[in-house]
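Proteins get letters first, then strands, A, B, ... in listed order; numbering begins at 1 in each.
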Amino acid sequence: MGDASPEAAAAKAEAMRGFLISLPSYLYLVLFFAVPFVIVLVYSFASRSSTGRTVLGDWNLVSYKRLFDPLVAQIAFRSLWLALATTLLCLVVAYPFAYFIATRTPRVRNALLILVMIPFWSNFLVRTYAWRVLLGSDGPVSQITQVLGLGETRLLFTVWAILIGLVYGFLPFMVLPLYAAIERMDWSLVEAARDLYASGWTAFRKVTWPLTTPGVIAGSILVFIPALGAYVTPAILGGARTVLLGDYIVDQFLAARNWPYGSALSVALMTVMLFATFVYFRAGGRNL
Amino acid sequence: MRRRTTWMVPIAVVGLMLAACGGGGGAGGDTTAAADTTCELDQTDGNLNLYNWSDYIDPELVTAFEEQYGVEVVESFYESNEAMLAQIQSGVSYDLIVPSDYMVSIMIEEELLLPLQKDAIPNIANLAPEFTDPPYDPGLRYSVAYQWGTTGLGVNLEAVGDAFVESWALVFDPELTQNFPGGVSLLDDPRETMGAALKYLGYSLNDTDLDHLAEARDVIRAAKPYIATFDSDQYDEALVNGEVSVSHGYSGDLLAAIWDAENPDAYTYVIPEEGGTLWVDNMAIPADAEHPCTAHTFVNFMLDGENGAALTNWTYYASPNAAAEPHILPEILEDPTIYPSDEIRQRLEIIADTGDYEINFTDYFAQAKS
Amino acid sequence: MPAVELIGVTKRFGEVIAVDRLDLAVDDGEFFSLLGPSGCGKTTTLRLIAGFEFPTAGSVRIHGREVGLEPPNRRPVNTVFQSYALFPHMTVAENVAFGLEMRRLPSAEIAERVRKALDMVQLAHRADARPSQLSGGQQQRVALARALVCEPEVLLLDEPLGALDLKLRQAMQVELKDLQERVGITFVYVTHDQQEALTMSDRIGVMNEGRLLQVGRPEDIYERPTSRFVADFIGDINLLEGRRVDSETVELVGGHKIRVLGDPSSSHVTVAVRPERLELMSDSDRPPDRLNRLPGRVIRRTYLGDVIGYRVDCGGVVVEVKEENRSGLVVRQVGDDVLVVWEPEAGGIVVD
Amino acid sequence: MERLLAANAWAVFAFFYLPILVLIVLSFNENRNVNIWTGFSTRWYGEILDNADVLRALRNSLVVAGVSTVCSTALGTAAALAVERFRFRGRRLFDGLLYLPIIIPDVTMAVMMLLFFVQALDLVNGLLGTRLNLGLATISLSHIAFNISFVAVVVRARLGQLDPAIEEAAADLYAGRWQVFRRVTLPLILPGVLGGALLALTLSLDDVVITSFVSGPGSTTLPVYVFGLVRRGVTPLINAVSTVMLLGSMLLVGLSLMVQRRPATLGGGNR
């Protein structure tokens, strides 16, 4: 069909409308994100002066070559596992939780939802410090094990503390999209499945779960990605005993003042993530 | 094709901007305005934009300054030297900043600081002699010390025993540390912790010999099984809460925590015999400060003996101000951990910027932790 | 002037042609059904009339006015959706009032019309309920009331009874037809259920693969299908393949000759005969000569209550026969030798 | 099953509120050092009002969080609507762009925002002769930039599940595009929009790195102030401020629930 057909004109008008709706945020993101991002991209090809200033003009690939240092792979691999574990834990905890909230009456639902968010309107650092008290050798966990005669249990400065801290910090990011997805679901479909002799579990697996995958995908992305870059929680609760991607990048900018390398690391990380998200969506049968 | 043209716009904009800043990499442009100004004693030229660490000045001192000179002090706060540097480098305008020692030298080299007009700061004479010619700013051309302290070890005496060695071995020797309940805590800072390891090995903490750095890395690596945490924030609480037995950290924090502890006698702060870090925070005026004269007046105000004492009495950090000493609370002045003896001071070193080697410090530290 | 007129309408989705050069005219006040298997383009045709899709080519007119590119809110038609598409966040009354509010009618008039509409579908007592609190049948009636309250020139219904159970569906069929006659609005009804179409429609259009194959009254469609597809799709039918011998005679695959009416245009012919038009006789019954007859043997019998179904093997041709379970009917057994007998007029010739 | 779900929910709430409980308890710590408990005291609550720095930081935080939440919710919802409901040229590019702020490490975003704003302000000041500086405006602009994406992701998850027939039904019933959106789409995606807004508010109230880079004289926010305190030890004052904020928000929520007497969903209650 040529562009001249009336339908094509209508489709064009429709596309224009979509474009116009996206325009404010489009422009916003181009101006306040894409343009700044180009600066970072440019910086990643620059070099560092001996005082830590970024020298533009002498473009090179030094920073990108450093990405192939085995240390980087090691750090990335470790961060990846931690982020995956965090995402999975969040999903396991948040799904039934969101399900529970979504099946309450509307009023209770709203109240519960806001109760989820309220703790996060306190100060992040103070919140995380509170976890130190809870996980320390005098904390409640430890006291329970002492009463049980299992001796002192210190979770603080272990990988478990990091996981607890990360799950705590990112759980709302998983709960919200999951809640939105489950709340919207057509329950008659589950009933239909039950009607068709599906057990509760099968009905969940075959109907509820597939219907809520958009929420699962959104939640997983919202948890996985920041978890991959997390650094304050691992430092405070995990004792920063290993280097993670997040603090490695932060250190480049703030300790080594090596902005080109920090930029290159960021660009590489974003490229990988964008690619991974793309693949994830493809696997999930959705367009990015 | 349309797609490409939409992309051309931001690229062109960026190009324009990069051109606009002259390829200088973000250093602010018009430094001349402030540099040409001559300031006289007690002169003010507007409100003071003070950029400082949080909770690092007695609010009453601020009020006193405001009342005395009829200007307002607009306070902003930063959480690291580097974040502050990024802002100054980008030309955000502040009138007075409080950078640490090594950051002063970086900022001088980057031409980010305004040379001080000593005529407007007669109280500079109040400074104790050891702060009149610091290595990071010889001759005090750009900065004046604000507060100082040391980096050392907080020790839980019950855990370590009374007859412990005052050495970095307390954190680096696995033979020792394996017996400490909870292990030890080290600063999560490449320069401080690599520096401590260098000191333990008998080198300078500004050593840039890569072999020495590798040795220092291996020291940390070997000690790691008993290092509970690399922590620059909460090591003081961790010590007095019994989470760790030895904490590597800054004098002020550790001392405050020990004083506030339920049984202060159970803890002490030591500077290892191999030596440690002496750190100095300084007042400096950014090159493109809008109100350099108010800033000079403020520096002079803070260097006043009574004001300097008030600052120390409030922060519990040592004052570089000799004229302040008569007014400082005796318990602070007489505390050997805040004001170490001359003998100990001999062993202290100030961290200097090592230029390109900063990368190596960061890298080796990352390797040590990995 | 037809209420709805489609002239040469084509709709493509990328490479797929959903509707192919469709011509259709629905008369004013008519109950018109679009019948076809799923994916035949009937729903797309409805959506083209409603305005949810715009035609790639051709013209859509409502009472003579070209609306092909008008958005749905500017068309004098309303739709009852397959899923009902009730607004879950509004009460029944709010749902019904929605269209009137959008037309900015005075609120007193809205209230009055909503009340009447709910009375009409006997749901006045559920006015303040939310859709999720209603049964499927009730939801369906709300959807109907919501569309009808706007007094559209044409009401479009997209398989509105599909989700209901059989009893309710049959009851609703009658109700819908009554309602249509009462309000006198043109209905365009999409369904894949031929029985539903036959019951309610004034006329039926049978669609397949984007094309309209046959349009006619239910009895025309049923009795005189013009194509093999229509014949096969609507009701049960025996399709007897054969070769034309002369203008009145066809020789079936098994060698039997039968008489047909109408002029077969090619030498290969398909003769379509409804099972209920066939009768089983014995040789001893001596059927009149003008009747077609095929000797065969009963290979299966199905008891359906009102009807008894037989499958008869007539030597190469298998035919289905339905006999009304009236008193005095001779019930055959499997294995009985029988004659399958029918009037020549009962068999039509269909094209492939 | 229901019991297990309820048990899990209680456990999760306990998980959420246990640290909050600790936080509140520690706000009554008499000791200057928050984590060293030496006795009960309410002195820190008194000191909130005396501490101008904390009050200003709190006010800055609330201004930034409020502005950025409102703006990013509007922009993010529009963005979600555009990519989910329309096909337009550049949509894929936009879609990709929409994900970038989520996947960028915050320190990178901080650096690039600083570089950008400084140069943009130079340009603007040069052209217009103004003396604009970094401050609350640039902080808000940066927060909006990353929050748009978070709102959009949450709203999209919701939009994706909305039966398009419901929107078609509204259009069929003579609703124009805007009316369809206002009367049908928006109420139905409102839980998603609200969720996105809550997320944006949370992120904005917690951000340190980006904020500290793009702040200017006098625009320090509470989290930046608190992080700056680390050197001197965090005092229970911050816990007290957090507690007050928690109580304040709970009060607001409670009030809004009281006002919202009718049993309507987040999306309900028109007419």
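Both the backbone and the side chain of A:F97 come within less than 4.5 Å of a heavy atom of chain D. Both the backbone and the side chain of A:I118 come within contact range of chain D, each with at least one heavy atom under 4.5 Å from a heavy atom of that chain. Interface remark: A:V232 contributes side-chain atoms only to the contact with chain D (heavy atom separation under 4.5 Å). With a threshold of 4.5 angstrom between heavy atoms, A:F120 approaches chain D through its backbone and through its side chain. For A:L134, the part lying near chain D is the side chain, with the backbone staying farther off; criterion is any non-hydrogen pair under 4.5 Å. For D:V111, the part lying under 4.5 angstrom from a heavy atom of chain A is the side chain only. Both the backbone and the side chain of D:L18 come within contact range of chain A, judged by heavy atoms closer than 4.5 Å. Neither the backbone nor the side chain of D:R85 comes within contact range of chain A, judged by heavy atoms closer than 4.5 Å. Looking at D:A152, there are no atoms closer than 4.5 Å to chain A (heavy atoms on both sides), in backbone or side chain. In this structure, the portion of A:I225 lying under 4.5 Å from any heavy atom of chain D is its side chain and not its backbone. For D:I148, the part sitting under 4.5 Å from any heavy atom of chain A is the side chain, from C-beta outward, and nothing else. Proximity to chain D (any heavy atom under 4.5 Å) is shown, for A:L115, by both the backbone and the side chain. With a threshold of 4.5 angstrom between heavy atoms, A:F224 does not approach chain D through any atom at all. If you measure heavy-atom distances from D:M245 to chain A, the contacts under 4.5 Å come from the side chain alone. Residue A:L23 does not touch chain D at all, counting heavy-atom pairs closer than 4.5 Å. Of the atoms belonging to D:F146, not a single heavy atom falls under 4.5 Å from chain A. With a 4.5 angstrom heavy-atom cutoff, A:V93 touches chain D via backbone and side-chain atoms both. If you measure heavy-atom distances from D:L21 to chain A, you find no contacts under 4.5 Å at all. At a 4.5 Å heavy-atom cutoff, the contact between D:V209 and chain A is made by side-chain atoms alone. Using a 4.5 Å cut-off between heavy atoms, A:Y99 touches chain D through its side chain atoms alone. With a 4.5 angstrom heavy-atom cutoff, D:L100 touches chain A via backbone and side-chain atoms both.
With contacts defined as side-chain heavy-atom distances shorter than 4.5 Å, the pair A:F37/D:T108 does not qualify. Between D:N8 and A:F100 the shortest side-chain heavy-atom distance does not fall below 4.5 Å. Counting only heavy atoms from C-beta outward, the side chains of D:L159 and D:T185 approach each other to under 4.5 Å. Looking at heavy atoms from C-beta onward, D:P223 lies out of side-chain contact with D:L205 at the 4.5 angstrom threshold. Residues A:R17 and D:F86 meet the side-chain proximity criterion, which asks for heavy atoms closer than 4.5 Å. Contact of the A:Y43 side chain with the D:L115 side chain is registered, since non-hydrogen atoms from C-beta on lie closer than 4.5 Å.
Taking chain D as the reference chain and counting heavy-atom pairs below 4.5 Å, the highest number among A:P177, A:A130, A:G219 is found for A:A130. With chain D as partner, the option from A:F173, A:Y168, A:F253 having the largest number of non-hydrogen pairs under 4.5 angstrom is A:Y168. Ranked by heavy-atom pairs under 4.5 Å with chain A, the list D:L114, D:I238, D:L26, D:L201 is led by D:L201. Your options are A:Y28, A:Y231, A:W259, A:F19, and the one with the most heavy-atom pairs under 4.5 Å with chain D is A:Y28. For the options A:G215, A:P24, A:P226, A:A181, heavy-atom pairs under 4.5 Å to chain D are most numerous at A:A181. Note: A:L112 leads A:L254, A:L112, A:L228 in heavy-atom pairs under 4.5 Å with chain D. Counting heavy-atom pairs closer than 4.5 Å to chain A, the top-ranked of the candidates D:I103, D:L5, D:V22 is D:I103. Of the listed residues D:V83, D:D163, D:L162, D:L222, the one with more heavy-atom pairs under 4.5 angstrom with chain A than any other is D:L162. Among D:S242, D:A82, D:G195, D:P19, the residue making the largest number of heavy-atom pairs under 4.5 Å with chain A is D:P19. Comparing D:D106, D:L81, D:V154 by heavy-atom pairs within less than 4.5 Å of chain A, the highest count is held by D:D106. Among D:S72, D:A74, D:A78, the residue with the largest count of heavy-atom pairs under 4.5 Å with chain A is D:A78. In terms of heavy-atom pairs under 4.5 angstrom with chain D, the leader among A:A230, A:A218, A:G229, A:S263 is A:A218.
Across all non-hydrogen atoms, the minimal contact from D:W44 to D:S27 is CD1-O, 3.7 Å. Between A:R132 and A:I236, the shortest heavy-atom contact is NH1-O, 2.9 Å. Of all heavy-atom pairs spanning D:V151 and D:G196, the tightest one is CG2-O, 3.6 Å. Nearest approach of A:I249 to D:P105, heavy atoms of both residues: CD1-CG, 4.0 Å. Contact detail for A:F32 and D:A145: the closest heavy-atom pair is O-CB, 4.0 Å. The two residues A:L176 and A:M117 come nearest to each other via the heavy atoms CD1-SD, 3.9 Å.
Taking the centre and axis of the six-membered ring of D:F181, the NZ or CZ atom of D:R177 falls outside the cone set by 45° and 6.0 Å.
Note: A:W131 and A:F124 fail the aromatic proximity criterion, with ring centroids not under 6.0 Å apart.
Judged by distance alone, the side chain of D:R158 and the main-chain N or O of D:V193 form no donor-acceptor pair under 3.5 Å. Between the D:R156 side chain and the D:E84 main chain, no donor and acceptor come within less than 3.5 Å of each other. Looking at D:D207, its side chain never comes within 3.5 Å of a backbone N or O of D:S204 through a donor-acceptor pair.
Side-chain N/O atoms of D:H143 and D:T211 include a donor and acceptor closer than 3.5 Å.
Note that CG of D:N29 is 8.5 Å distant from CG of D:N239, once rounded to the nearest 0.5 Å.
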